[in-house]
Each structure stands twice: as C-alpha cells, then as structure tokens.
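To start, the structure itself, in structure tokens.
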Amino acid sequence: MICLIQRVFRGAGSVLYKSIVILTGAGVSAESGMGTFRDKDGIWTRYDLEDVATPEGFARNPGLVHDFYNARRQALRDAEPNAAHHALAKLEQVVAGMGGELLLVTQNIDNLHEKAGSQNLLHMHGELARVKCDACGVAGAWTGDLFSQTECWRCGQAGALRPDVVWFGEMPYGMDGIYERLSACGLFVSIGTSGEVYPAAGFVMEAGMAGAHTIELNLEPSANARGFREGRYGPASEVVARWVDDLVAKLRA
Ligand code: BV8
C-alpha cells in the first residue's frame with residue numbers, strides 16, 4: 001500500500017508529499033517468475049506452510065526447510081525486476097525530488113525492489129539472501145545454499161544457521177515504524193497481495209482509520225478488497241506502471 005502522509009500540499013504549481021509508505025506482496029514479483037503463494041499453482045499448493053515456514057517445521061525437518069529456501073535462493077539469481085518494480089523506484093525518485101520521503105515496505109523476501117533501484121526499503125518478512133544464527137544471533141548476506149551441517153562463521157556452531165525470514169508465529173520486522181507511518185496516512189495503496197496474511201493484511205484498516213484514501217492494485221480483488229475505496233485490477237507490470245504515471249502527472253501538475 002502507499003500512504004501519502006497527511007494531505008497534499010499544493011505549492012506554486014508543485015505538490016509536496018510529506019512522506020509515502022508502499023507495501024507490496026508476491027503479486028508484484030509474479031511476472032518476474034518468483035511465484036506466488038496462494039494462486040492456483042502457488043507455492044502453498046506444493047508445500048505445506050507448517051512444514052517450511054514455521055519454527056516448528058524447521059525444528060522437525062531442517063533439511064526440508066533448507067531445500068525449500070535453497071531452491072528459491074537459486075531462482076532469485078536469474079530473476080529480474082519487472083515494470084512494476086521499476087515504476088515504484090521511479091516514484092521514490094520523483095517524491096524525493098519534491099522534498100518528500102518514500103518508504104517501501106515489502107512482504108517479499110526477494111531482492112527485486114533493490115535491483116530496480118528502490119532504496120528506502122523495509123523487508124517486513126525478512127530476506128532470502130540473508131541468514132542468521134540461532135546460537136549467537138549473528139546475521140548477514142548469504143547467496144549460496146545452506147545445509148544443516150553448515151557452520152556459523154562467527155561461533156562455529158553447525159546446524160544453528162537459518163534463513164533470515166519471518167515464519168508464521170514470528171514477529172515481522174519494523175512493525176513499530178510501520179504502524180507509526182500508517183497512523184498519519186493520506187493515501188493507502190495495496191499492491192500484489194492476497195490480503196490473507198496478518199499483520200500486513202490489517203494495514204488497510206489502520207490507514208482507513210487515519211482518514212487515508214485507499215486503493216488496491218492487484219490481479220483480482222483480494223480477500224480484503226471491500227476495505228478499499230478504489231481498485232484497479234490487472235497484471236502489476238501494467239496496472240502499477242500506469243497508476244504511477246497517473247500519480248506522477250498529478251504531482252507535477
Ligand atoms: C505474527 C515467510 C505476531 C517468508 C511468510 C492476526 C493478527 C496477527 C497475526 C495473525 C492474525 N491472524 C493470523 C495470524 C497469524 C499469521 C497469519 O497471518 N496467518 C494467516 C495464514 C492467517 N501471521 C503471522 O504469523 C505473522 N506474525 O503475527 O506475529 C504479531 C501480531 C500482531 C502484530 C505483529 C506481530 C508472520 C507472517 C509472515 C509469515 N511469513 N513468508 C517466505 O517464505 O516468503 S508469509 C507469505 O505470505 C509471504 O511472506 C508472502 O509475502 C505473504 C503474503 O502473501 P502474498 O504476498 O499476499 O502472496 P499470495 O500468493 O497470498 O497473494 C498473491 C496476490 O498477488 C494475489 O492476490 C494474486 O491475485 C496477486 N497476483 C498474482 N499475480 C499477479 C498479482 N497481482 C498483480 N500482478 C500479477 N501478475
């Protein structure tokens with residue numbers, strides 16, 4: 001979603017946004033080949049999320065979880081950002097050029113927003129290309145495969161390294177900052193998410209209560225589509241690019 005903080009200030013012909021927050025889900029990376037979770041051929045039709053995206057699943061069968069994330073980390077190497085990622089990076093530039101600030105919060109663990117040039121970025125569900133050690137707490141970049149016997153580079157313990165992603169039942173990253181920004185929202189836009197996973201799916205309500213105008217950009221109406229005042233539907237590479245062009249034209253009017 002995009003939160004345009006407060007109202008729009010009309011200066012001499014220019015428009016200044018105090019600040020914008022964007023949230024994206026797996027749908028924004030679908031056309032880059034990263035796969036979504038709950039579509040008809042989605043990731044959760046091939047894996048049980050209890051087995052591969054919970055701490056309990058990792059404790060039960062770490063090898064299965066490592067295979068699951070190793071395959072996705074390998075797929076990431078060949079994935080390229082699509083027009084939606086590039087449009088959102090462009091919007092960040094335009095808003096910054098007007099003295100505004102844009103924070104991009106993503107549920108995705110891929111690095112396609114970074115590859116497209118987005119800079120002010122928060123991975124609330126963690127990152128595929130990072131691992132952390134359950135023994136000593138160190139975390140860092142990791143682009144290769146990970147195995148149960150891989151030793152931690154700091155404490156040397158084998159079997160303690162895990163993907164630095166937020167599993168079900170774990171606290172997402174950056175929540176305080178996100179709620180703070182939502183509470184001052186002017187405009188809220190949700191992009192490429194089914195609205196099935198909380199707390200992200202509850203953000204539209206937070207923003208609406210703050211008086212924000214709310215828009216959904218998605219392939220089809222999501223589970224919480226009724227919570228939005230406006231919706232534009234179709235592939236993100238078209239719908240997001242067109243919506244950003246319309247918004248930038250308004251900003252520059
Ligand atoms: C937590 C790991 C405590 C990394 C993931 C109420 C309040 C709080 C929590 C809960 C609650 N009710 C239930 C819960 C618990 C749980 C939850 O939500 N369960 C669900 C199943 C009911 N939530 C948690 O456990 C979270 N932690 O709650 O901590 C807390 C409490 C309060 C406040 C703070 C903390 C942790 C959730 C994170 C779990 N980890 N992933 C990984 O392996 O990736 S979730 C997983 O789902 C991914 O992160 C993914 O990003 C996320 C959301 O899915 P989507 O991105 O929406 O993807 P999906 O496939 O579902 O939808 C794709 C959409 O794109 C579709 O709408 C489709 O139409 C559209 N689309 C497809 N193609 C295109 C397109 N759109 C445009 N263009 C296209 N081409």
Side-chain angles (χ1 to χ4, degrees), residues 1 23-58 64-73 75-76 81-85 87-88 105-113 122-132 146 162-180 182 189-206 215-225 228 231-243:
M1 71 284 298
L23 177 106
T24 57
V28 82
S29 298
E31 291 159 271
S32 299
M34 286 313 290
T36 60
F37 292 88
R38 295 170 186 82
D39 288 329
K40 58 185 179 321
D41 52 356
I43 293 170
W44 297 148
T45 62
R46 301 192 299 277
Y47 290 89
D48 180 339
L49 69 83
E50 296 296 338
D51 292 338
V52 294
T54 62
E56 297 77 10
F58 184 59
L64 174 67
V65 175
H66 286 314
D67 291 348
F68 174 64
Y69 286 98
N70 288 344
R72 291 171 68 192
R73 213 175 284 116
L76 192 52
N82 62 55
H85 296 103
L88 294 175
V105 178
T106 184
Q107 296 175 91
N108 301 339
I109 60 175
D110 65 48
N111 58 2
L112 298 179
H113 284 304
L122 194 165
H123 283 273
M124 69 178 286
H125 289 167
E127 295 177 66
L128 194 49
R130 283 178 64 83
V131 297
K132 64 182 180 182
L146 187 63
R162 56 163 279 186
D164 188 5
V165 299
V166 176
W167 285 327
F168 288 95
E170 295 184 326
M171 180 69 82
Y173 289 130
M175 290 310 301
D176 293 345
I178 295 169
Y179 282 128
E180 208 176 293
L182 289 174
V189 180
S190 174
I191 302 177
T193 180
S194 60
E196 302 260 359
V197 174
Y198 288 84
F203 291 171
V204 57
M205 204 169 52
E206 300 286 333
I215 307 176
E216 176 171 64
L217 306 180
N218 208 44
L219 188 62
E220 60 205 2
S222 70
N224 54 3
F228 295 89
R232 293 190 189 191
Y233 298 102
S237 61
E238 295 161 23
V239 168
V240 174
R242 200 169 317 119
W243 177 77

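When a ligand or atom number is given, it counts from 1 through the structure's own listing order.
For the 3.5 Å distance criterion, the side chains of T193 and Q107 qualify, holding a donor opposite an acceptor. Using modelled atom types, one finds no donor on one side chain facing an acceptor on the other under 3.5 Å when comparing Y47 with D67.
Remark: minimum distance from atom 8 (C) of ligand 1 to any protein heavy atom is reached at Y198 CB, 3.7 Å. From the protein, the heavy atom lying nearest to atom 40 (N) of ligand 1 is V166 O, 2.8 Å. Among all protein heavy atoms, the one lying closest to atom 58 (O) of ligand 1 is A26 CB, 3.5 Å.
The protein does not reach atom 3 (C) of ligand 1 closely, with no heavy atom under 4.0 angstrom from it. At a distance under 4.0 Å, no protein heavy atom can be found next to atom 15 (C) of ligand 1.
Residue contacts with ligand 1: S222 is excluded, as none of its non-hydrogen atoms falls under 4.0 Å. Residue contacts with ligand 1 do not include W44, since none of its heavy atoms lies under 4.0 Å from the ligand.
Against a heavy-atom cut-off of under 4.0 Å, P199 is close to the following atoms of ligand 1: 33 (C), 34 (C).
Remark: R242 engages no residue in a side-chain hydrogen bond (donor to acceptor under 3.5 Å, both in side chains) (not counting sequence neighbours).
Residue nearest to atom 54 (O) of ligand 1, selected from E31, E220, H123, R38: R38 (by heavy-atom distance).
Proximity of T193 to ligand 1, defined as any heavy-atom pair under 4.0 Å, is shared by backbone and side chain alike.
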